[in-house]
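Note sheet for the following structure.
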Amino acid sequence: MVKARTGAAAVAAVMVLALAGCGNGDDEKPKSQAPSAGQPSAGKSQKSPSAAGQSSAPVEVIATSAGPEGIVLTLNSAVRDQGGFLTISGQIKNGGTSAFVQTAAWRGDEKSASAASVAGATLTDKAGKKRYYVLRDTESRCLCTSGITRIAAGETIPFFAQFPAPPASTTEVDFNLPTFAMATVKLSG
């Protein structure tokens, strides 16, 4: 009888600890969509569309770019991280009347493990005459938002992409995601 009670108490304790570690899911994204460990998240733009819509705080817009079929790319930040990275974050909104299926051009030409992503994005430092590509982890996954397969009409989804940081003397770069017009952004941080 004592062993049964002790076993039941142990199971109950494990269940309490397991449930205590569970969150409501609003503060975490799947690992393929979040910046790698040690990288800052992009704040409000990293939350799910429903959570982002609940915030009353204004989000800074540093650039916008029109794409195909009523798709609009809004850039909210271009921040240098202390580790030598530059993180671009923003939102992609489907302003059209029908669902938009992601184009393969967003992934880029490079063969990688980042299907349905924004891995094809680039930064161009005109002053330094260099082009920067989205960083990859050791398994060839982009350090960017992935899993974008379809954007419903009226839907807004957050995105981010991480690049090697241009030299400190570079104050602006051109951001390009294939199928969108080039957007010039000022760097911060």
Side-chain angles (χ1 to χ4, degrees), residues 26-49 51-52 55 57-65 67 72-93 102-148 156-189:
D26 287 343
D27 57 347
E28 291 184 9
K29 290 289 237 179
K31 287 182 182 174
S32 65
Q33 293 185 355
S36 63
Q39 300 305 320
S41 70
K44 289 179 178 42
S45 64
Q46 291 300 307
K47 293 187 178 182
S48 66
S55 173
V59 176
E60 182 180 7
V61 174
I62 60 172
T64 59
S65 179
V72 176
L73 175 72
T74 302
L75 302 178
N76 300 115
S77 67
V79 180
R80 292 176 194 272
D81 303 328
Q82 288 184 359
F85 306 105
L86 176 71
T87 303
I88 303 280
S89 63
Q91 304 172 41
I92 302 172
K93 180 177 182 172
Q102 194 229 47
T103 173
W106 289 8
R107 293 190 293 262
D109 294 333
E110 183 178 342
K111 304 291 184 221
S112 73
S114 301
S117 69
V118 293
T122 60
L123 291 180
T124 304
D125 172 4
K126 288 189 275 188
K129 298 183 174 112
K130 287 190 176 183
R131 177 175 285 170
Y132 298 90
Y133 295 90
V134 175
L135 292 168
R136 303 296 197 270
D137 67 13
T138 56
E139 295 176 0
S140 196
R141 290 182 302 240
C142 73
L143 298 182
C144 68
T145 301
S146 61
I148 304 170
T156 300
I157 59 167
F159 84 94
F160 80 96
Q162 235 173 18
F163 301 87
S169 60
T170 300
T171 59
E172 70 179 30
V173 292
D174 288 337
F175 176 83
N176 183 254
L177 181 60
T179 73
F180 288 92
M182 188 85 62
T184 300
V185 295
K186 295 210 179 289
L187 306 181
S188 61

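Because the structure is predicted, anything quoted here is derived from the model rather than measured. When reading the values below, keep in mind they use all heavy atoms of this one structure, side chains included, and skip hydrogens, waters and symmetry mates.
- Summarising the geometry, atom CG belonging to L177 is positioned 9.5 Å from atom CG belonging to L75; distances are rounded to the nearest 0.5 Å.
- Rounding to the nearest 0.5 angstrom, the gap separating the CZ atom in F85 from the CZ atom in R80 is 13.5 Å.
- Annotation: the span from C142 atom SG to F163 atom CZ amounts to 9.5 Å, rounded to 0.5 Å.
- Remark: K130 engages no residue in a salt bridge (charged side-chain N to carboxylate O under 4.0 Å, His left out) (not counting sequence neighbours).
- Evaluation of the side chain to side chain donor-acceptor pair (under 3.5 Å) rule for T170 yields D125 as partners, not counting sequence neighbours.
- Interatomic distance, CG of L135 versus CZ of R141, reported as 14.0 Å (0.5 Å rounding).
- Interatomic distance, I157 CD1 to I148 CD1, rounded to the nearest 0.5 Å: 4.0 Å.
- Within the 4.5 Å cutoff, the side chain of T103 has no heavy atoms near those of the P178 side chain.
- Heavy-atom minimum distance, S117 versus C144: CB-SG, 4.0 Å.
- Without hydrogens or angle criteria, W106 side chain to A119 main chain gives no donor-acceptor distance under 3.5 Å.
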Using atom types as modelled, flag every donor-acceptor pair under 3.5 Å from a side chain in residues 182-189 to any protein atom, sequence neighbours excluded.
| unit_1 | atom_1 | unit_2 | atom_2 | d |
| --- | --- | --- | --- | --- |
| T184 | OG1 | D174 | OD1 | 2.6 |
| K186 | NZ | E172 | OE1 | 3.1 |
| S188 | OG | A78 | O | 3.3 |

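- Taken to the nearest 0.5 Å, the CD atom of Q91 stands 10.0 Å off from the CG atom of L73.
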side-chain contact (heavy atoms from CB on, under 4.5 Å) between N76 and V61, worked out: CA-CA 5 Å; N76 300 115; V61 174; 4.1 Å; yes
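- Minimum heavy-atom separation, Y132 to P167: OH-CD, 3.6 Å.
- Within the 3.5 Å criterion, the main-chain N or O of A181 finds a donor-acceptor partner in the side chain of S65.
- A donor and an acceptor atom, one from each side chain of D81 and T87, are located under 3.5 Å apart.
- Looking only at distances, no side-chain donor or acceptor of E60 sits under 3.5 Å from a matching main-chain atom of S77.
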